[in-house]
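Note sheet for the following structure.
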Amino acid sequence: MALACGYSPPSVGSLRSAEPKWEGVHDFAVPVLMYHRVCPLTDEEASNELTRDLTVLPGDFEAQIKHLTDKGFAILSVYDIQNALLGGGKLPEKAVALTFDDGYRDNFEHAFPILQKYGASATIFLVKNTVDGPKHLTWNMIRTMRPKGVRYGSHTVSHPDLTSLSNGALDFELVESKQFIETGLGEPVTALAYPAGRFDDRVVLHARNAGYLTAWDKGGGPVRPGDDPLRLPRVRVHGQTSMREFERKVWSGYWERKIETDEFKRG
Ligand SMILES: [Zn+2]
């Protein structure tokens, strides 16, 4: 796979050393929440089932982030989790990560002000071909959010089903999108979200060869130490997810560990 002319990837080591060191536990269980859009819906959008499913209303989103901060959850980026997974580090006992797929413009307009209000970080997975498009994030927005706790990962060049591509097309989707964001931000991008959660053994091998250290699915439970870094689970938050369901999702890691620890104590 050919690298772009004059391209030299930033060093991953420099990224790692810049990460905060978390107090916490080695046997962490962290739900990584997966969002798409955060914005109000027009009547037409509200009548479209798919759009409704992908869109969390700003009021609901704020109630969710407020719950996390009120209850003392650490809100991590996927790079914090990547470092703990690969380096055997600790993560807080009560923690989540917030991820947003597809890089919609409302992530800047509606989600980012709420993230800022509560001091929460997030990770946005960008699709190269949509950056600077009318409904998606511009480079200006991407760069504005970066020093304020928002991290980025790749969601490929054109959001295809990666399992359906030839080896050459697969490498293009994985490498080109990674280099595009790395060049735009001047830092390593080593996290990938599989479009529509579609991957197989071949896609995973190519993702590893392209330089990704972690890659994320679209479903599953909390991330645990020992999970395959290129087949990591996430927890979907839907437009219709109730507060009760949200609480069940975000507390799932904490309770999973607590049950294990209590069972251990009982012998
Ligand atoms: Zn997507």
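Both counts, for ligands and for their atoms, begin at 1 and track the order of listing.
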| task | Please calculate the NE2(His159)-the Zn ion (ligand 1)-NE2(His155) angle and round it to 10 degrees. | result | 90°
| Going by the angle between their ring planes, with limits at 30° and 60°, are Tyr254 and Trp251 parallel, tilted or perpendicular? | perpendicular
| said: Let me check your reading of the structure: within less than 2.8 Å of the Zn ion (ligand 1), is there an N/O/S atom from His36? | reply: no
| said: What is the name of the N/O/S atom of Asp102 that is nearest to the Zn ion (ligand 1)? | reply: OD1
| Ring geometry between Trp139 and Phe180 (parallel below 30°, tilted from 30 to 60°, perpendicular above 60°) | tilted
| said: If I take every N, O or S atom of Asp101, is at least one of them less than 2.8 Å from the Zn ion (ligand 1)? | reply: no
| message | Using 30° and 60° as the class boundaries, would you call the ring planes of Phe125 and His155 parallel, tilted or perpendicular? | response | tilted
| Hey, mind stepping through His26 and Lys90 against side-chain contact (heavy atoms from CB on, under 4.5 Å) and telling me if it holds? | CA-CA 4 Å; His26 281 296; Lys90 296 177 178 179; 3.5 Å; yes
